[in-house]
There are 2 protein chains.
Amino acid sequence: MARPSQKKERRAELIPLITAVFAARGYRRTTTAQLAAACKVQENTLYRLWPSKKAMFIAAIEHVFEVSARIWRDLIAHPGGHDESPAGRILSYEADHHGELGNYRIVFAGLSEADDPAIKHALRRMFSRFHEYLEMHVTSTDPSGANAHAWALIGLGLVASVGRELGFLSAADRRDLILSAGTRLIGGLATPGGAVVVGTNGKRK
Amino acid sequence: MARPSQKKERRAELIPLITAVFAARGYRRTTTAQLAAACKVQENTLYRLWPSKKAMFIAAIEHVFEVSARIWRDLIAHPGGHDESPAGRILSYEADHHGELGNYRIVFAGLSEADDPAIKHALRRMFSRFHEYLEMHVTSTDPSGANAHAWALIGLGLVASVGRELGFLSAADRRDLILSAGTRLIGGLATPGGAVVVGTNGKRK
DNA sequence: CATTTAAGTAAGTACGTACTTACATAATAG
DNA sequence: CTATTATGTAAGTACGTACTTACTTAAATG
């Protein structure tokens, strides 16, 4: 026998690059030639690591979850300076940083390929894991209807992503949206004081 | 001169069929041949009515809004038997019927094509119009932060769609989700009585 | 009726791209 | 060293598909 396989390591090296291309161009519009170029290898090399373009995409979906999960884990493990609840801490982190990695684009791309059972399964798993995380921390704040409210928080993330992508929510808008609606969802705390206004890019009635 | 143009009428006839195909197959995976077959015409005929496949897709996006808007308009115009507020009426309608037309698939397909300025613009316009509608009715119930909460309701619709598409929310789950989180969003009314449980397809901790 | 133009049909064509094949190099085990 | 297998390079190939071209049919106007 000779040369033990380093496929796993190679895959781990390349998957962030591949994820970036899929996020930038979507699934269909990404060509295997572009993936290879971004990895600085030939297409053939990629096909030795994954059996198909689809498999590369599914690996990208998994990678997206792992990146976000690591951030949240760290966030909860290290309380930082603030004294908020775990749910509150996730909320205020997301208020400032949601979507900045552009990974939600992988989700959009995946959703329009959800006819494919393998892609559907990968996405489903990803959402379920996010939900599990959120539900746990929402429950610790306010157990009543935590399951539903955790899903609603994911919905909040989805609109924020869509708003960012389509440009109808500015950074400040997204911040206010996540804090205002998020607070109401995790605690039932009504927004204190003045109304929080989230703009539609200047368009006001 | 002879034979006044009937292009507008023809377009109006065909667009529901075209929308259905795009919803079923996504943008990229839909072929112009499929569109023509669904309309029972030749491809060439479609190209006389729209300059490109992209134009057909944008027309489909607009059609999606018009269909949903008509439903909501009717819903608010005819109070039916119930005495709820307009916002509450939209909520309970959506709790039972959200996504049943499959039109959210057009949104998913569009989002992964949002690099294209024309598609982006069409989607943006669509979301803004939905938001306008919701904000108006949410405001009438609870003015504080209505703008943000209207966006949050759209987020609720998005998770419900994703949950339906990926199969992690059953019809009952979606119903409970929309009622539970939606009520909290439009009124700040805490869920009365027992906790509303939204399942993850049987998986419970 | 005659003319004009819309609506329909049928068969291309040019192009992009997922995946292959064939070959060269180099690293590790015995 | 030698055999074996991973890694890298380069050039196909087969196929799907957006859009065209050339032609026929038919409807409405003067």
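Throughout, protein chains are lettered first and strands after them, A, B, ... in sequence-line order, and every chain is numbered starting at 1.
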- Report the distance from atom NZ of Lys53(B) to atom P of dC19(D), rounded to the nearest whole Å. 8 Å

- Hey, would you say the Tyr93(A) and Trp72(A) ring centroids sit under 6.0 Å apart? no

- Task: Answer yes or no for Lys53(A) and Tyr27(A): cation-pi contact, defined as NZ/CZ to six-membered ring centre under 6.0 Å and angle to ring axis within 45°.
- Result: yes

- Task: Provide, to the nearest angstrom, the distance between the CG atom belonging to Leu46(A) and the P atom belonging to dT7(D).
- Result: 13 Å

- Which of residues 10-35 of chain B sit near DNA chain D, with a heavy atom under 4.0 Å from it? Thr30(B), Thr31(B), Thr32(B)

- Message: Measuring from atom CG of Leu166(A) to atom CG of Leu111(B), what distance do you get when rounded to the nearest 0.5 angstrom?
- Response: 5.5 Å

- Query: How many Å lie between CD on Glu43(A) and C1' on dA22(C), as a whole number?
  - Reply: 16 Å

- Of the nucleotides dT7(D), dA18(D), dC19(C), which has the atom closest to the Tyr47(A) side chain? dC19(C)

- Query: Aromatic rings Phe65(A) and Phe130(A): how do their planes relate, parallel, tilted or perpendicular, breaks at 30° and 60°?
  - Reply: perpendicular

- Message: What is the separation between atom CZ on Arg48(A) and atom P on dA10(D), rounded to the nearest whole Å?
- Response: 14 Å

- Message: Nearest whole Å is fine: how far is dA18(D) P from Glu113(B) CD?
- Response: 12 Å

- Value for CD1 (Ile18(B)) from CG (Leu46(B)), rounded to nearest 0.5 Å, stands at 5.0 Å

- Task: Could you check how far NZ of Lys7(B) sits from C1' of dA6(C), rounded to whole Å?
- Result: 8 Å

- For Arg125(A), look at atom CZ and say whether over 12 heavy atoms of other residues, nucleotides or ligands are found less than 6.0 Å away. no

- Task: Test for a donor-acceptor pair under 3.5 Å between the base of dT20(C) and the side chain of Asn44(A), counting only N and O atoms.
- Result: no

- Task: In whole angstrom, give the distance that lies between atom NZ of Lys8(B) and atom P of dA7(C).
- Result: 14 Å

- Item | Side-chain N,O (Gln42(A)) to OP1/OP2 (dA10(D)) below 4.0 Å | yes

- Whole-Å distance, Trp50(B) CH2 to dA7(C) P, equals 12 Å

- Give the ring-plane orientation class for Phe108(A) versus Tyr104(A), where under 30° counts as parallel, over 60° as perpendicular and anything between as tilted. perpendicular

